[in-house]
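Below, chains carry the letters A, B, ... as their sequence lines are ordered, and counting in each starts from 1.
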Amino acid sequence: MAQVTLTNVKKVYFGGVEAVKGVSLEIPDGGFCVLVGPSGCGKSTLLRMVAGLETITSGDISIGSRVVNQIGPAERDIAMVFQNYALYPHMSVYDNMAYGLRNLGTPRDEIDRRVKEAARILAIEPLLDRRPKQLSGGQRQRVAMGRAIVRKPQVFLFDEPLSNLDAKLRVQMRVEIKKLQRALGVTALYVTHDQVEAMTLSDKLVVMNGGRVEQIGLPAEVYKKPASKFVATFIGSPPMNILDGTIDGPGIVALGDAILEVRDLRQDLAEGTAVEIGLRPEDIEIASEGAAGTLPFDVEFIEELGATQLFHGQLAGLPFVMQAATDTVAAQAGRLWITVDPDRVHVFDKQSGARLGRS
Amino acid sequence: MAQVTLTNVKKVYFGGVEAVKGVSLEIPDGGFCVLVGPSGCGKSTLLRMVAGLETITSGDISIGSRVVNQIGPAERDIAMVFQNYALYPHMSVYDNMAYGLRNLGTPRDEIDRRVKEAARILAIEPLLDRRPKQLSGGQRQRVAMGRAIVRKPQVFLFDEPLSNLDAKLRVQMRVEIKKLQRALGVTALYVTHDQVEAMTLSDKLVVMNGGRVEQIGLPAEVYKKPASKFVATFIGSPPMNILDGTIDGPGIVALGDAILEVRDLRQDLAEGTAVEIGLRPEDIEIASEGAAGTLPFDVEFIEELGATQLFHGQLAGLPFVMQAATDTVAAQAGRLWITVDPDRVHVFDKQSGARLGRS
Amino acid sequence: MMKNAYFSGLTVPLLLLLPQLAITVVFFYWPASQAVWQSFLLQDAFGTSTEFVWFENYAELFKDPGYFKALINTAIFSTFVCILSLSIALLFAVMADRQIRGAEIYKTLLIWPYAVAPAVAGVLWIFMFDPSLGMLARGLASLGVNWNPRLNGNDAMLLVILAATWKQISYNFLFFLAGLQSIPKSVIEAAVIDGARPWRRFWTIVFPLLSPTTFFLLVVNIVYVFFDTFGIIDTVTGGGPSGATETLVYKVYSDGKGGSNLGGSAAQSVVLLVMVIAMTAFQFRFIERRVSY
Amino acid sequence: QTEIQWWHALTGANNDVVVKLAEEFNASQKDYKVVPAYKGSYPDTLNAGIAAFRAGTAPHILQVFEVGTGTMMSAKGAVKPVHELMKEAGEPFDPKAYLPAITGYYSTSKGDMLSMPFNSSSMVMWYNKDAFKKAGLNADAPPKTWPEVFEAAKKLKAAGFDKCGFTNAWATWANIEQFGAWHNIPIATKANGLEGFDAVLNFNSPLFVKHLTNLVELQKDKTYDYSGRTNNGEGRFTSGECPIMLTSSGFFGNVRANAKFDWGNAPMPYYPEAAGAPQNSIIGGASLWVMGGKKAEEYKGVAKFFTFISHIDRQVKLHTESGYLPITKAAYEKVKASGFYKDKPYLETPILELTNKEPTENSRGLRFGSLVQIRDIWSEEIEAALNGQKTPKAALDAAVERGNQMLRQFERTASR
Amino acid sequence: MVEDRRLGDAIAYVILTIGVLIVAFPVWLTFVASTWDAATIINGQLPLYPGPKFFENYYRILFIGTSGTTREPVLNMMLNSFVMAMAIALGKIFISVLSAYAIVYYRFPFRMAAFWIIFVTLMLPVEVRIFPTFKVVSDLGMLDTYQGLAVPLIASATGTLLFRQFFMTIPDELLEASRIDGAGPFRFFKDTVIPLSITTIAALFVIQFIYGWNQYLWPLLVTTKDSMQTIVIAIKKMIVTSDALTEWQLAMATAMLAMLPPVLVVVLMQRLFVKGLVETEK
Ligand SMILES: Nc1ncnc2c1ncn2[C@@H]1O[C@H](COP(=O)(O)OP(=O)(O)OP(=O)(O)O)[C@@H](O)[C@H]1O
Ligand SMILES: Nc1ncnc2c1ncn2[C@@H]1O[C@H](COP(=O)(O)OP(=O)(O)OP(=O)(O)O)[C@@H](O)[C@H]1O
Ligand SMILES: [Mg+2]
Ligand SMILES: [Mg+2]
């Protein structure tokens, strides 16, 4: 077990692509850090540099107290779970797990003990003789985990380990991974572009965009105080509604005719500054018509999700979505008047997208 | 436009696999019927029989007023959208859409008119000259839709049309499909194993399992009154919690020491009958400790989803999940006392899994 | 073209390449350069007298009507063998691709001629169609067909074309079958729903989608008829009658045979080498970015 | 023990003969061992020998068919002339003991024997006596001249042999080489090349043209039917399809084994208007060449072996068993005296042809370099005439012209 | 599909049956010929059914040899053919798997040069450079040896190319997983690349075995001893005749025997062979 530290790490690929543009990050011993971001933002590149599969263009990576920049993957004391699992198709499950240990020259009975133990933990004991082809997606996932566990590494690296599974299995495996990591107390670095995974798994959530870090924080923090419009719309589903507004005074934004109070807003903004206002669908409340600070929302159609309903429509000429528990709001198209808790209004700079909060 | 009627339709495959075991179903003209169920339950088989791609072993399928059992796919006046889109890779988008019309010998300018119109509706006009390879997943999806539209069929058939798209696009296309079907007023039969799609799209939701229909109804109905334990756990995410209980009187079930009131329960059950009790995670409410009808829930860990939180733990020795809006319940492990609205308690037969509701 | 994951180092890869490079250099480049050298020489059969004649052999070659005849023969021969073997194989493959009982057995029965040596295939065919021995030749004669591959160049050409086609069908069949099986079923079904009847479906969907396979096979078949049919021609006609079935490769061999015209033969090899390198470059491009959708 | 490699092209019973000869020789002494190896057809064998020589792995003895003679003798250093070999080895050797009609073909103009005649044959006309009877022809008096042959063939054709009245194997041997000698007209200048490599082909003369014209004419209704460049078509005779066939006298074994009818042979036909026809035929078959660059010890063994095969009793046996001609005068006389030919007159026919008259410039033999390839050219042109692509005259002109080209090229490369 | 399949299926049966007949007829005839005597064949009276001489002919050809041409028993030639074919197949697999590994999994200077040097040999078969190649082989003293028969025929790029194509389809992640598991280039090759290439190896084996077995011109030149002959050239030698009867029945029996092993290899390894070819994309 060890902490992982990245200091101003950069990666320029051979062709000149700058995939990672200077990332500093510290994952405490036993911490679970999730990298999330859109496709191509450099998540895998970063992870692979930690694994030693890509060279580091500049900056330092250390695992424990060792700077590992020049150390080969096998010596870094890490284990990695790949998106497509990368199981050796020609080896049995047992051999898949044992392979790394064999390469280290671990004694036979020690290997056997460790493989069996990992298999027990993962409940894949009956599968040990099978080939990867004979396994379901979830089982393969477990084997890939098993391969990582047996080596007793200091750090687990995951590159979208669940994205090949169907929705149900994904939920289940997500919980398992988290439990396992807790139980083993291993430091974990986990890449995903699924924000639900990111939210649920992480102690430390890193949102990346275009090779840079947009925000690092606890998941709840990131959700509640997204540092930028990018983060705000990336995290949360259905995504945050974004509307055009202007500053109308300290802690006040105007949204067309209506006026909204905002708790977290910089004080030094000139009145009339154009801004973007973010409202999460689930933060919308129904108000009585025409009350102060209410907005008119024209509902076009409703999606039934079981526990909740999604109201799709227009607000101030822009598409707008509201989420409400089933039966709390009459499910019919037409105009609704809504309001939002000032604590839950987010304001972003129109140009840079940065959050205009009190800092 | 036409209604589609299936009367006791069965399918036995060549090797003897009984894929569909007698399904009767009526889709009203302009209705949107979704078939949902686990993999291998016979959804695709049923759809393909409607399309004419599989022969019908027994039973009748009629489209409009015609029994179509012996009619070839081309004459059934249907259009189908495949999971992998099945676009003709060697033809331009335009030709993909025009192909069916050309086969019918439609005049050139009529074809042109209809293709252009469909392209306009789907906003793919700039893509008409491209090959499928040069399109993104979402664009391909639209072209597949376009190919279906130009033929002006009576029935649209969809076989998991969105499952190759990423989560974001899936949501977006789902809304588009629904809008389009409404606008064209075409009858639709839609296969998916994604329950969110199933809930949001359907006027009529058909839950299948092992070649049989488990329940047919409005989506809200299916959600609120699942006809069986299978439906109850299949629809809803996170899935409904299932606990062991016994009948303790009319409208009363015992769950270990605690006692729950149930609104919808058959009256004729002997006291002491073993049953299964279903509680949806989002229906759980926090009660004060030890109050009547409260259950002790040992929370082990919490998943943060942003708007809501999932509390994972044990209840009466079985895994149990509760969902609550963020901040409404203190997010910490430990014992909680919970209760459930008697309207929202589901009771199922221990053997057959059938709902034991008043009928 | 390149893997993203790789090893580095110089000694190890060179050692790995060594056996192949050594064999290639010794048994390919060295003899090939000898052939080039030889093409500038005039030598007697036994190599006891040698004269350096610059490009005379090439000049002779391009003056030789027999060479152009061989060129034309090669063109005719390749065209027919390619078209015939490809189309027949495609027909069989389409039929065997149907889900019919016994398809597997038919497949096996159709692929094994791949294993027959060209020279043996030639013997089989000459045995059938030799005017004096051949059962089928006699059959033709009794039908009043004037069949005489010994004298009639067209008959002889037909005979070698048939033998070469026979030999190649199975190979093409194999790849067409694989090609057909790799066409997504749903695309065919989409066409069915789009109202395309089988014949039209074949020409508008199946055949175009097979074009990568067809193109690949075309290249392979051209190489086959250029070179691998040597044994067939040698056993069936020996290039005759009056050179009617002499192809480029056969001419290289027969001119060099007995040392009678080694220089000319070598010059032909060199010309052929140039043609083949052109084809190789073509093939290379093709393999890198195949005609695919 | 010194091994002596002997590459040959003999098949069937003759192949047995070769093997037996080697065995007998090996058994007769202890110093040398002759190892025969069958290398395929004559051209294949020559080809293999040349390739092997170039690679420095030539056999000691190479059997080369008569058309390869020019090629072989041009290569000084590549071959060891037999007369030299015998002299150096000190073996008794008298060139006069051999039949001149045979050795003439394999000797220099000065009479030095270059290779050892081995299996010799000539061309004769084989005919089907049963067929003759069926067609109302006299089976004991076969046609002598070409016009008579044509007549007979027409009758045979009428009698049911409608696919082939008469034919020949070895297209050029029959229609050019033997034809020239038998009619005493030249194929080329310089005594058909015997007197130098600068010979010029000239067989596009009227009689050749006339003959080819006749064949082309008769080919049209199959009174004549072409049977290929080699002897692949010989089955047409044994099967009864073609009642008359000109081919090698060596065909004998095959006929004896497979013809299910009464048969005989006769000298080749001739055109009576040709002055001096019939002259004499020339030989076919092959001789044994000794390859150059071997050790003296090995040559000694080869010489011993040659002496061994020239022995009179061995020659008698070879002749009577294989049907090939005896190569020494003594052997011929001995067989004749034994009355052997009374029973088997067909074995004497070729000898009678060969010795019919004293050879002239035009009938001593022929010697062209690259004759193997030249023959292919000639065949091509004959084929072109027969299938109507060219007139007979044009075909022969082309054959002469293309042949001369080959000769000139050969002349340039031949070491003199 | 709800389409009338009966007509289509019937046509398919008819066409496939015709196909099988076309493919099989010459071989049937060959087999028939191998069971009669020479005179029946030479006189053109061969019937369509097998004759009485099956055992006699095959016994003779296998254990005694023809009397009039190649006197070696065919069994011995089959052994030669087998050794040659195996040497070519295994040798080719050996050198090409190594070189393809170097080209695909290493980056080093001259990589492209090496690739092209090998690639150019792709389509120039031995027939075209046969005389100089013969010279080289004899200079190396390899006439009449198995090396001489096999090695020059190995010098082409087909195998390298096939393996290269296949290696390109091996996911990069496997190499990465191996590296994390502490496997170097050699281990990765031995533990992962080779086991994964089994079908490709099998396909190449079939192709090369057949190629080797069927060689014709080359063995004709490089073998001078009867004891080194291969079966295919024996057939050619058997059907030429100089003044003697062609023993067609024996030649045809030899042809049958010459077809047997490669056909068996194809039929028995059909699955692997087809899979290997298709997987690696030709
Ligand atoms: N080997 C490489 N050579 C050159 N560019 C590369 C290489 N690998 C990745 N890139 C580029 O680097 C950038 C970041 O890639 P990376 O794989 O890290 O993204 P990612 O965040 O993991 O995306 P995804 O979610 O799609 O996996 C991309 O622009 C990509 O095209
Ligand atoms: N052509 C076929 N021949 C034999 N059995 C088949 C065939 N197609 C499907 N089956 C079987 O029929 C059953 C139903 O298959 P079907 O494809 O209808 O399932 P599905 O509900 O669409 O599943 P999925 O969600 O995985 O697409 C399965 O057991 C399947 O194995
Ligand atoms: Mg990635
Ligand atoms: Mg399905």
*Closest approach of B/E282 to A/A307 (non-hydrogen atoms, all atoms of both residues)*: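 In this case the closest contact between B/E282 and A/A307 is OE2-CB, 2.9 Å.
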_Could you check whether B/R174 pairs with A/E303 (Lys NZ or Arg NE/NH1/NH2 to Asp/Glu carboxylate O, under 4.0 Å)?_
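Salt bridge: yes.
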*Please round to the nearest 0.5 Å and tell me the distance separating atom NZ of B/K224 and atom CD of A/E304.*
6.0 Å
*Is it true that atom CD of B/E261 has more than 12 heavy atoms of other residues, nucleotides or ligands lying nearer than 6.0 Å?*
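At most 12 heavy atoms, drawn from other residues, nucleotides or ligands, come within 6.0 Å of this atom.
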_Residue selection (most heavy-atom pairs with chain B, distance under 4.5 Å) from A/D194, A/V171, A/L310, A/T200_ = A/T200
*Is it the side chain or the backbone of A/H312 that comes within 4.5 Å of chain B heavy atoms, both, or neither?*
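Looking at A/H312, just its side chain touches chain B.
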_If I measure from the heavy atoms of chain A, does B/K178 come under 4.5 Å with its side chain, its backbone, both, or neither?_
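For B/K178, neither part sits under 4.5 Å from chain A.
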*What residue, out of B/D283, B/V222, B/L305, has the most heavy-atom pairs lying under 4.5 Å from chain A?*
B/L305
_Between B/V175, B/V196, B/I235, who has the most heavy-atom pairs with chain A when the cutoff is under 4.5 Å?_
B/V175
